[in-house]
Q: 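Please see the structure below; I have some questions.
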Amino acid sequence: MDMGQFVTEQDTTKETVRYYIDEKLLSPEKVNKKYCFTELEECDFKNIRQLRDMGLSIKVIKLIKENKEHCGTRKQWEANVDLIDTELIRVESEIERLNQEKIALKQVNKQLKELLYREEAN
């Protein structure tokens, strides 16, 4: 199928598909300078979408795809566990950073409200 049909069937955008192609997550054949998508690309796209929906980054998805040759083996599972552990650490770090930002914003908000209250009192 061509790009337009693929985009419609997958409910996505051409930009997203091109990005996945550029990142080597999808590798459709080119026929007469146009991409030709098969069931393999459909399956790959659905897998990418599932992994993205889980919050995994493109970087991690690429690493998982690199382990695809060991699909269904202990080696792949161990590699994927390591990747997910690393992602969990990254997410926890991001949560901590966001919590610190939230605390700082609350302090600024409180200070501004106090200034407004004093201004109204005068």
Side-chain angles (χ1 to χ4, degrees):
M1 81 183 74
D2 67 11
M3 173 76 84
Q5 186 179 358
F6 185 80
V7 165
T8 300
E9 286 190 14
Q10 300 306 318
D11 191 28
T12 189
T13 65
K14 288 181 181 180
E15 291 77 16
T16 297
V17 174
R18 284 192 191 107
Y19 177 70
Y20 291 164
I21 291 169
D22 290 345
E23 292 295 320
K24 310 234 183 309
L25 291 171
L26 292 176
S27 50
E29 262 189 68
K30 268 196 166 180
V31 177
N32 297 325
K33 298 182 181 181
K34 293 185 176 186
Y35 289 112
C36 182
F37 296 87
T38 66
E39 289 180 16
L40 175 63
E41 284 79 34
E42 287 182 271
C43 183
D44 285 346
F45 185 85
K46 288 174 183 172
N47 289 335
I48 294 164
R49 181 172 274 162
Q50 286 176 334
L51 294 169
R52 291 292 290 150
D53 288 347
M54 285 186 233
L56 298 178
S57 67
I58 295 297
K59 177 182 171 185
V60 170
I61 294 170
K62 286 169 79 171
L63 292 170
I64 289 171
K65 187 170 178 160
E66 286 175 14
N67 291 327
K68 194 174 183 178
E69 68 186 56
H70 303 289
C71 190
T73 67
R74 182 178 184 87
K75 184 174 182 175
Q76 182 200 30
W77 300 332
E78 288 172 345
N80 288 348
V81 165
D82 289 343
L83 290 171
I84 299 300
D85 284 345
T86 300
E87 268 305 278
L88 285 169
I89 291 167
R90 183 194 64 77
V91 168
E92 287 295 332
S93 176
E94 182 69 8
I95 289 170
E96 180 59 32
R97 185 192 66 75
L98 289 170
N99 279 329
Q100 294 301 319
E101 187 175 327
K102 180 180 175 181
I103 290 167
L105 287 169
K106 282 184 173 185
Q107 289 173 342
V108 169
N109 190 344
K110 181 180 176 185
Q111 290 170 352
L112 288 170
K113 285 179 179 179
E114 287 172 357
L115 285 172
L116 286 170
Y117 178 73
R118 277 187 266 164
E119 176 78 14
E120 288 174 359
N122 290 331

Q: Taking all atoms of both residues into account, what is the closest heavy-atom pair of Val7 and Thr12, and its distance?
A: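 The pair with the smallest heavy-atom distance is CG1-O, 2.9 Å.
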
Q: Do Lys65 and Asp44 pass the side chain to side chain contact (heavy atoms under 4.5 Å, CB included) test, and can you show the C-alpha distance, the side-chain angles, and the key distance before you say yes or no?
A: CA-CA 9 Å; Lys65 187 170 178 160; Asp44 285 346; 3.8 Å; yes

Q: So, do Arg49 and Asp53 sit near enough that their side-chain heavy atoms are less than 4.5 Å apart?
A: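 Heavy-atom side-chain distance check passes, below 4.5 Å.
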
Q: Count I, L, V, M, F, W, Y as connected when their side-chain heavy atoms are under 4.5 Å apart, and connections chain through other members. Are Ile64 and Ile58 then in the same cluster?
A: yes

Q: Taking atom types as modelled and ignoring hydrogens, do the side chains of Thr8 and Gln5 form a donor-acceptor contact shorter than 3.5 angstrom?
A: no

Q: Are the charged groups of Arg90 and Glu94 less than 4.0 angstrom apart, N to O?
A: no

Q: Do any side-chain atoms of residues 114-121 form donor-acceptor pairs under 3.5 angstrom with protein atoms, and if so which ones, sequence neighbours left out?
A:
none

Q: Around Arg74, counting heavy atoms of other residues, nucleotides and ligands shown, do more than 12 lie under 6.0 Å from its CZ?
A: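 Atom CZ in Arg74 is not crowded, with 12 or fewer foreign heavy atoms closer than 6.0 Å.
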
Q: For residues Leu88 and Leu63: do they belong to one hydrophobic cluster (side chain heavy atoms under 4.5 Å, members Ile, Leu, Val, Met, Phe, Trp, Tyr)?
A: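 Yes, Leu88 and Leu63 fall within the same hydrophobic cluster.
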
Q: Mind listing the closest non-hydrogen atom pair of Ile61 and Ile48 along with its distance?
A: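 Scanning both residues completely, I find the closest heavy atoms to be CD1-O, 4.0 Å.
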
Q: Just to verify, what does Glu66 make a salt bridge (charged side-chain N to carboxylate O under 4.0 Å, His left out) with, not counting sequence neighbours?
A: none

Q: For residues 18-35, which side-chain N or O atoms pair as donor and acceptor with protein atoms under 3.5 Å away, sequence neighbours left out?
A:
unit_1, atom_1, unit_2, atom_2, d
Glu23, OE1, Lys62, NZ, 2.8

Q: Measure the CZ-CD distance between Phe37 and Glu9 for me, rounded to the nearest 0.5 Å.
A: 11.5 Å

Q: Please name the pair of heavy atoms, one in Thr13 and one in Thr16, separated by the smallest distance, quoted to 0.1 Å.
A: OG1-OG1, 2.9 Å

Q: Any link between Met54 and Trp77 through a network of hydrophobic side chains (Ile, Leu, Val, Met, Phe, Trp, Tyr) touching at under 4.5 Å?
A: no

Q: How long is the span from the CZ atom in Arg52 to the CD atom in Gln50, to the nearest 0.5 Å?
A: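 CD of Gln50 is found 13.5 Å from CZ of Arg52.
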
Q: Can you see whether Glu96 engages Gln100 through a side-chain donor-acceptor pair at a distance of less than 3.5 angstrom?
A: yes

